[in-house]
Participant: 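The following block contains the structure, expressed as structure tokens.
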Amino acid sequence: MGSSMSSSLDKPAATPVSQIQETISDNCVVIFSKTSCSYCTMAKKLFQDMNVNYKVVELDMLEYGNQFQDALYKMTGERTVPRIFVNGTFIGGATDTHKLHQEGKLLPLVHQCYLRKK
Ligand SMILES: N[C@@H](CCC(=O)N[C@@H](CS)C(=O)NCC(=O)O)C(=O)O
Ligand code: FES
């Protein structure tokens, strides 16, 4: 499963927003998470159960994680975790993502991204 940490995210966050934008354009599914957060674990499990690869950024493992949370606040209106992006777009937190999945809308978004990258 794609759960490796990016070293490019583990340095002074001069432009955290652009680093986040790069990460979400490089990966179909990105979960900004904390290792201590069970909502985050549930969100990861949702994608695992769908056999969908995701990139996870564990903000509590990054020296500048706080700055990334500030950037996520600017981009999404909340600095809570998880913050989940699919196909380059913010889809919400854990609750929103589970709801999208229940409505059958999550997998189509992931597939759109796969098709785009072919
Ligand atoms: N309904 C939101 C709840 C998000 C939330 O409250 N997250 C808490 C942890 S479970 C949080 O981010 N607290 C602030 C922090 O960790 O910086 C979701 O499903 O994502
Ligand atoms: S579930 Fe409590 S920190 Fe996220």
Side-chain angles (χ1 to χ4, degrees):
M1 278 299 154
S3 58
S4 67
M5 302 283 295
S6 167
S7 56
S8 74
L9 285 163
D10 200 8
K11 61 189 177 196
T15 54
V17 170
S18 60
Q19 281 177 269
I20 290 169
Q21 272 159 354
E22 196 182 316
T23 305
I24 63 180
S25 76
D26 286 351
N27 300 277
C28 283
V29 178
V30 183
I31 303 176
F32 292 91
S33 169
K34 291 189 181 184
T35 56
S36 55
C37 170
S38 49
Y39 275 38
C40 301
T41 306
M42 285 194 286
K44 293 173 209 167
K45 187 172 183 305
L46 179 65
F47 287 101
Q48 275 163 24
D49 290 347
M50 297 193 296
N51 279 317
V52 168
N53 268 312
Y54 55 86
K55 160 105 187 150
V56 59
V57 180
E58 300 289 10
L59 295 165
D60 57 339
M61 297 288 116
L62 295 178
E63 191 176 353
Y64 299 94
N66 210 33
Q67 290 181 36
F68 284 103
Q69 278 187 273
D70 292 342
L72 287 167
Y73 175 73
K74 278 187 214 153
M75 296 167 76
T76 71
E78 299 270 3
R79 69 196 310 291
T80 56
V81 287
R83 301 272 84 195
I84 301 169
F85 294 78
V86 175
N87 196 13
T89 305
F90 174 65
I91 62 161
T95 313
D96 306 318
T97 302
H98 279 273
K99 188 160 170 281
L100 268 184
H101 181 49
Q102 272 160 14
E103 294 168 351
K105 293 176 186 163
L106 186 54
L107 213 44
L109 281 180
V110 174
H111 285 155
Q112 264 176 36
C113 183
Y114 290 165
L115 289 172
R116 198 165 54 79
K117 287 194 184 275
K118 256 196 218 155

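Reckoned from all heavy atoms, side chains included, excluding hydrogens, waters and symmetry mates. Counting convention: from 1, in listed order, for ligands and their atoms alike.
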Participant: So which protein heavy atom does atom 17 (O) of ligand 1 come closest to, and at what separation?
Facilitator: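 Atom 17 (O) of ligand 1 sits closest to the protein heavy atom Gln69 NE2, 2.8 Å.
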Participant: Can you list the atoms of ligand 1 that are under 4.0 Å from a heavy atom of Pro82?
Facilitator: 20 (O)
Participant: Give yes or no for whether the N/O distance cutoff of 3.5 Å, strictly under, is met between Val81 and ligand 1.
Facilitator: yes
Participant: To the nearest 0.5 Å, what is the distance between NZ on Lys105 and NZ on Lys99?
Facilitator: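 The NZ atom of Lys99 is 6.5 Å from NZ of Lys105, to the nearest 0.5 Å.
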Participant: Counting only N and O atoms by type, is there a donor-acceptor contact under 3.5 Å from the side chain of Asp96 to the main-chain atoms of Gly93?
Facilitator: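 It does hold such a pair.
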Participant: Any nitrogen or oxygen of Tyr39, main chain or side chain, under 3.5 Å from a nitrogen or oxygen of ligand 1?
Facilitator: no
Participant: Starting from atom 4 (Fe) of ligand 2, find the nearest protein heavy-atom neighbour and note its residue, name and distance.
Facilitator: Cys37 SG, 2.3 Å
Participant: I'd like to know if the side chain of Asp60 reaches the main chain of Lys34, judged simply by a donor and an acceptor atom lying under 3.5 Å from each other, with no hydrogens or angles considered.
Facilitator: no
Participant: Can a donor-acceptor pair be found, under 3.5 Å and without considering hydrogens, that links the side chain of Thr41 to the backbone of Cys37?
Facilitator: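 Yes, the answer is positive, given that a donor and an acceptor are paired below the 3.5 Å cut-off.
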Participant: Between Lys34 and ligand 1, which residue portion shows a heavy-atom distance shorter than 4.0 Å: side chain, backbone, both, or neither?
Facilitator: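 Under 4.0 Å from ligand 1, Lys34 contributes side-chain atoms alone.
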Participant: So is there a nitrogen or oxygen of Ala94 less than 3.5 Å from a nitrogen or oxygen in ligand 1?
Facilitator: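 In this structure, Ala94 places an N or O atom under 3.5 Å from an N or O of ligand 1.
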Participant: When you measure from atom 10 (S) of ligand 1 to every protein heavy atom, which one gives the shortest distance, and what is it?
Facilitator: Cys37 SG, 3.9 Å
Participant: Tell me: protein heavy atom nearest atom 14 (C) of ligand 1, and distance?
Facilitator: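 The answer is Thr80 CA, 4.4 Å.
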Participant: Is the side chain of Ser25 donor-acceptor paired with the backbone N or O of Glu22 at a distance under 3.5 Å, no angle test?
Facilitator: yes
Participant: Quick check: does Thr95 get an N/O under 3.5 Å from an N/O on ligand 1?
Facilitator: yes
Participant: Whether the side chain of Thr15 engages the backbone of Val17 through a donor-acceptor N/O pair (distance < 3.5 Å, no angle test) should be reported.
Facilitator: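 Flag not set: sc Thr15 to bb Val17 has no pair under 3.5 Å.
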Participant: If you measure from CZ on Arg79 to CG on Asp70, what distance do you get to the nearest 0.5 Å?
Facilitator: 4.5 Å
Participant: Roughly how far, to the nearest 0.5 Å, is CD1 of Ile84 from OG1 of Thr76?
Facilitator: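 Separation between the atoms: 11.0 Å.
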Participant: Does at least one non-hydrogen atom of Ser38 fall below 4.0 angstrom from an atom of ligand 2?
Facilitator: yes
